[in-house]
Amino acid sequence: MQTHDRIIIRNSFKRSAKRDEKFSLHRHTIDNLCLKYSAGRFGFSIQKKIYLSVGSQVDGDF
């Protein structure tokens, strides 16, 4: 593998990590807004609680 190829791969991992971090921030913001304006009835965290309550397992960091 050439040095140039390694640099491209490394940079793509950095961009991917930044994108994941940004998505996580937006996901939490959206969840908080949904919880706030629905009196705690809607949001990603509520969906997660329901999902777990029926015996499913989480396979990501949601």
Discussion item. Give me the atom names and distance for the closest heavy-atom approach of S53 to I50.
Written reply: OG-O, 2.7 Å

Worksheet item: To the nearest 0.5 Å, how far apart are NE2 in H28 and OG in S45?
Response: 10.0 Å

Worksheet item: Quick check: does any side chain N or O of D31 sit under 3.5 Å from a backbone N or O of R27, one acting as donor and the other as acceptor?
Response: no

Worksheet item: Are the side chain of S38 and the backbone of C34 linked by a donor-acceptor contact shorter than 3.5 Å?
Response: yes

Worksheet entry | F42 side chain near L35 side chain, heavy-atom distance below 4.5 Å | no

